[in-house]
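The structure appears right after this line, and notes come after that.
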Amino acid sequence: MDETKYPGIYENWFGKKKFLFTKSLDGKIFFGEKLIEGYRELDPTRSKLGAAVIKKISSIGLKENNLVLYLGASHGYTASFVSDIVGKRGIVYCVDFSPRVVMQLVFVCEERENMIPILADARKPLSYQNRVTKVDFVYCDVAQREQVDLFLKNVKMFLKPKSYCMLALKARSIDAVKNPRKIYEVVKKELSAELRVLSVVELDPLEKDHCVFLCQYK
Amino acid sequence: MVNLKELNMKLTKEDIAKSTTLDKILVQALHSLDELDIVIRRLSVSLKEWYSYYNPLVLKLAEPELLIKAIEKKESGEMGAQFSKKDLEACLKYSLQIKLLIDLRKQHFEYLTGLMSEVCPNILKVSGVYVGAKLIAIAGSLKSLAVMRSPTVQVLGAEKALFRHLKNKSRPPKFGVIYMHPLISNSKEKAKIARKLASEIVIAARKDFYKNG
């Protein structure tokens, strides 16, 4: 198990293929992933964070002991790895909209001390503002047309100054026909009005028509 | 001080419990009804093939109920092979299980009707049990059916043809699930009636959803 330049993420080579790992907090598995000597395997085809790491993003902006706001947590696959990275003294607030997936998210959160489930609409941050604190990192993975808008809203409301945030953009839910590259340019302009865009990584072929933006709050 | 984690867990669990409404249960009941139909059809087809070696006349029977009745009589037909007692008994046991499933389907259909009259009595009157439940299932919930426009309701269930039309300019579909309504499938002016019926269903859905003001 070798350390990478990203804190909390490890890599290992099996034959010619590289695999990503995080150090598990409790040695439990939730989604049938591989567990090797206390390290859980992160599948980059299931997680956009993992795909960004494989595609050599400059940094993930995530450190130990961070407080994280995770929008669009779904079943909690990527969120559980984020909770591995931030460790026992960090907290991951997992926000999702659909009751069906939050049911399974609650089961994961019961096992994990540092994960907190919230059933709320990320488009309306006012509805859960009394349930979260200020955070060090915002991760947004919501397949909605207003995803950039809601990302900026949440960043303004909850992110501490000079902290990092990450947006995993699905071009197809903004416009199904347009060329994704053009959408990325428009989104980058929108983001740079409010934030400092540090790195832009396209996730093809791991995730089709997806792009990850790493930004810093001014 | 209340622990943030415990508070959030409690609130989230309460929210999830609140989010389940009767129309979601209705959708699940419809799915299980569809599954039961598929299972009954498959089992009765395999039983028919098996029993036809003994009595080839059963191949003419279309309904599973008739097939089960024929097997209970144990008559051998022309061209039929000799079946021993063991074989006949095995056939009978198999058919009894299918009979139980058919009874279960009947009870389940009654349950679905009761649920519909509770959730959406107006839709039930206009469209009947199966079409109404299917429309709610495709729309996702009663709310999303109530906010739809009537042409959308008319082609619900014909999404493939609709998007083919939007993409390749082929002819648009005239009806989706609504076609199963006896008024449409038995008449000559199908498209006209489909348009009218769809608008009536939408009015009924709005009346059901906004009945509490």
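Please read all numbers here as calculations on a predicted model, not as lab measurements. All chains are named by letter (A, B, ...) in the order of the sequence lines, taking the proteins before the strands, and each is independently numbered beginning at 1.
- With B:Ser19 contributing its side chain and A:Pro99 its backbone, the two residues share no donor-acceptor pair below 3.5 Å.
- Within a 6.0 Å radius of NZ in B:Lys190, other residues, nucleotides and ligands contribute more than 12 heavy atoms.
- Crowding of B:Lys93 atom NZ: a count of heavy atoms from other residues, nucleotides or ligands under 6.0 Å not exceeding 12.
- When the shell of 6.0 Å around OH of A:Tyr10 is examined, it contains more than 12 heavy atoms from other residues, nucleotides or ligands.
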* Pair B:Asn8-A:Tyr128, side chain to side chain contact (heavy atoms under 4.5 Å, CB included): steps then yes or no -> CA-CA 10 Å; B:Asn8 266 318; A:Tyr128 53 91; over 6 Å; no

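- The number of heavy-atom neighbours closer than 6.0 Å to CD of B:Glu65, taken from other residues, nucleotides and ligands shown, is above 12.
- With contacts defined as side-chain heavy-atom distances shorter than 4.5 Å, the pair B:Lys13/A:Val106 qualifies.
- Here CG of A:Leu119 is found 11.5 Å from CD of B:Glu14. Values are rounded to the nearest 0.5 Å.
- No more than 12 heavy-atom neighbours from other residues, nucleotides or ligands sit within 6.0 angstrom of CZ on A:Arg145.
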* Verdict with supporting geometry, B:Thr12 and A:Arg131, side chain to side chain donor-acceptor pair (under 3.5 Å) -> CA-CA 11 Å; B:Thr12 305; A:Arg131 291 167 65 174; 3.2 Å; yes

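- A salt bridge does not link B:Lys5 to A:Glu110: none of the charged nitrogens lies less than 4.0 Å from a carboxylate oxygen.
- Interatomic distance, A:Ile118 CD1 to B:Leu11 CG, rounded to the nearest 0.5 Å: 9.0 Å.
- Around the OH atom of A:Tyr164, the shell of radius 6.0 Å holds no more than 12 heavy atoms that belong to other residues, nucleotides or ligands.
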